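In this text the structure is predicted, and so the values were computed from the model without any measurement.
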Protein chains: 2
Amino acid sequence: MIAKNSGPESAQAQDAQPQDACRTREVLDIVGDKWSLLVVRTLKDGPLRFTQLKRSIDGISQRMLTVTLRGLERDGILSRTVHNVMPPHVSYELTPMGATLRDATAPLLEWSIAHLPHIDAARAEYDTRRA
Amino acid sequence: MIAKNSGPESAQAQDAQPQDACRTREVLDIVGDKWSLLVVRTLKDGPLRFTQLKRSIDGISQRMLTVTLRGLERDGILSRTVHNVMPPHVSYELTPMGATLRDATAPLLEWSIAHLPHIDAARAEYDTRRA
DNA sequence: CTGGATCCCGTAGGATACTG
DNA sequence: CAGTATCCTACGGGATCCAG
């Protein structure tokens, strides 16, 4: 469950400095796209190959998987390993930093599971009032 | 009319997956846009009026502030209150659920502050290797 | 198997002007 | 002050074909 943490720890990241506001933007630039968090989540249990990822992430196109993997590799979130065997294949794995990102997004995931039904209700009610 | 969220239907295209994988997408539909998390963060200390928000969030246009506020209001993240005084004004405030969202995103914020320099370094090194 | 190259489209989102 | 209404452009992202 998500605690209503009003303690000093949560306050650290939420000081209303203009700098921090920029940080919010930057983090969304990294993981705010359509597929990055899904890839990170899918890799949480260990390395996977390109086709395994493609099969695991339903609906992703080859192009977007490639693009997303390149971006995450560039940001140091995951590592790419080419195996020179026949047939050649490539595996992707979270870096230590990538693992910390996965942990940092876990609360948001829990929040979504806990509150999405409530949000659906809020939307329905809002739309009804406006209908 | 501008449809920020396509509603619950958008998730149906990705069924045949464990449910929580879909949740990841839905939560990004809510807060994954350019301004939502910034608005939530800005409202963390209490209600603000439209112009105060506009001034606090650097770079946001009137249109996007309106659109973002409407979406968050619809999702039950914040509440909108019209004050019938002269001159009339409107204030926005996080709902209790909005406050839990703010708390759930706090770890991600802290992560970004801690790791963004490292990411910049990783990018620079990656670009150098590819240069 | 892994991915690069191209084409194409929908939509997020910025600029601007107008209203109660 | 707090929006609404248009217009317009950039970019995310899907489909498809090609290559190592």
Side-chain angles (χ1 to χ4, degrees), chain A residues 24-25 28-39 42-43 47-75 78-93 126 130, chain B residues 1-7 9-14 24-26 28-39 42-43 47-75 78-93 126 130:
Chain A
T24 306
R25 290 291 317 281
L28 285 179
D29 286 342
I30 296 169
V31 297
D33 62 75
K34 192 170 180 178
W35 302 108
S36 289
L37 278 189
L38 278 176
V39 169
T42 307
L43 285 176
L48 287 178
R49 292 172 48 184
F50 187 88
T51 1
Q52 291 175 315
L53 278 169
K54 173 133 177 40
R55 271 197 302 269
S56 298
I57 303 173
D58 196 60
I60 196 171
S61 63
Q62 289 180 349
R63 176 181 181 275
M64 286 319 297
L65 182 53
T66 301
V67 170
T68 303
L69 287 171
R70 283 294 172 279
L72 292 174
E73 184 197 0
R74 183 168 109 101
D75 292 342
L78 54 79
S79 61
R80 177 176 182 269
T81 307
V82 181
H83 303 269
N84 282 321
V85 298
M86 275 310 284
H89 62 270
V90 184
S91 66
Y92 297 88
E93 184 175 18
Y126 182 92
R130 299 276 159 148
Chain B
M1 157 170 189
I2 294 159
K4 175 187 166 203
N5 298 299
S6 39
E9 313 86 61
S10 60
Q12 292 182 357
Q14 293 182 14
T24 306
R25 279 313 339 271
E26 293 183 62
L28 284 179
D29 285 342
I30 296 170
V31 298
D33 62 72
K34 194 170 178 180
W35 302 108
S36 289
L37 278 189
L38 242 35
V39 169
T42 307
L43 285 175
L48 287 178
R49 292 169 51 182
F50 186 88
T51 3
Q52 293 176 315
L53 278 168
K54 176 135 175 36
R55 271 197 304 268
S56 298
I57 304 172
D58 197 59
I60 196 171
S61 63
Q62 290 163 3
R63 185 181 110 82
M64 287 319 296
L65 181 54
T66 301
V67 170
T68 304
L69 287 171
R70 285 291 173 282
L72 292 173
E73 184 196 359
R74 177 173 181 255
D75 292 341
L78 53 80
S79 61
R80 177 177 182 269
T81 308
V82 181
H83 303 268
N84 283 321
V85 297
M86 277 308 283
H89 61 269
V90 183
S91 67
Y92 295 88
E93 184 174 20
Y126 182 92
R130 299 277 159 148

Worksheet item: Tell me: CG of D29(B) to P of dT11(C), nearest whole Å?
Response: 13 Å
Worksheet, complete the sentence: One should read off an interatomic distance between D75(A) CG and R70(A) CZ, to the nearest 0.5 angstrom, of 13.0 Å
Worksheet entry | Touch class at under 4.0 angstrom, heavy-atom based, for R49(A) against every strand present | sugar-phosphate
Worksheet, complete the sentence: Contacts of P87(A) and T66(A) projected onto DNA chain C by closest heavy atom; the upstream (5') one is P87(A)
Item to complete: Provide, to the nearest angstrom, the distance between the CG atom belonging to L28(B) and the P atom belonging to dG13(D).
Response: 10 Å
Give me, pair by pair, the N or O atoms of the protein and of nucleotides 17-20 of chain D that are less than 3.5 Å apart, along with how far apart they are.
none

Practice prompt. Give the intermediate values and the outcome of side chain to side chain contact (heavy atoms under 4.5 Å, CB included) for residues S36(B) and L72(B).
Written response: CA-CA 7 Å; S36(B) 289; L72(B) 292 173; 4.0 Å; yes
Fill in: Non-neighbouring partners of T51(B) that pass side-chain contact (heavy atoms from CB on, under 4.5 Å), sequence neighbours left out
R55(B)
Worksheet item: When the distance from CZ of F50(B) to C1' of dC1(D) is rounded to whole Å, what number comes out?
Response: 9 Å
Worksheet item: Is D58(B) atom CG crowded by more than 12 heavy atoms from other residues, nucleotides or ligands, each under 6.0 Å away?
Response: no
Worksheet entry | Between P of dG20(C) and CG of N84(B), the distance in whole Å | 17 Å
Discussion item. If you only use heavy atoms from C-beta on, which nucleotide in dG3(D), dA2(D), dG14(C) is closest to the side chain of H89(B)?
Written reply: dA2(D)
Worksheet item: For the side chain of Y92(A), counting heavy atoms from C-beta on, which of dG3(C), dG13(C), dG3(D) is nearest?
Response: dG3(C)
Discussion item. How many whole angstroms separate atom CD1 of I60(B) from atom P of dG3(D)?
Written reply: 13 Å
Item to complete: Starting from C1' on dA2(D), measure out to CG on L69(B) and report it in whole angstrom.
Response: 11 Å
Discussion item. Restricting to side-chain hydrogen bond (donor to acceptor under 3.5 Å, both in side chains), what partner residues turn up for H89(A), sequence neighbours left out?
Written reply: none
Fill in: pair R25(B)-L38(A): side-chain heavy atoms closer than 4.5 Å
yes
Item to complete: Specify the separation, in whole Å, of atom NZ of K34(B) and atom P of dT11(C).
Response: 19 Å
Worksheet item: In terms of the nearest nucleotide of DNA chain D, which residue is placed more toward the 5' end: R55(B) or M64(A)?
Response: R55(B)
Discussion item. Check the phosphate of dA12(C) against R63(B), side-chain N and O only, distance under 4.0 Å to OP1 or OP2. Yes or no?
Written reply: no
Response to the item:
W35(A) CH2 to dC11(D) P, in whole Å, measures 21 Å
Discussion item. Taking any heavy-atom pair under 4.0 Å as a contact, classify K54(B): base, sugar-phosphate, or nothing.
Written reply: nothing
Worksheet item: Nearest 0.5 Å, what's the CG-OG1 distance between L53(A) and T68(A)?
Response: 10.5 Å
Fill in: Nucleotide of dA2(D), dG13(D), dG14(C) approaching R80(B) most closely (side-chain heavy atoms)
dA2(D)
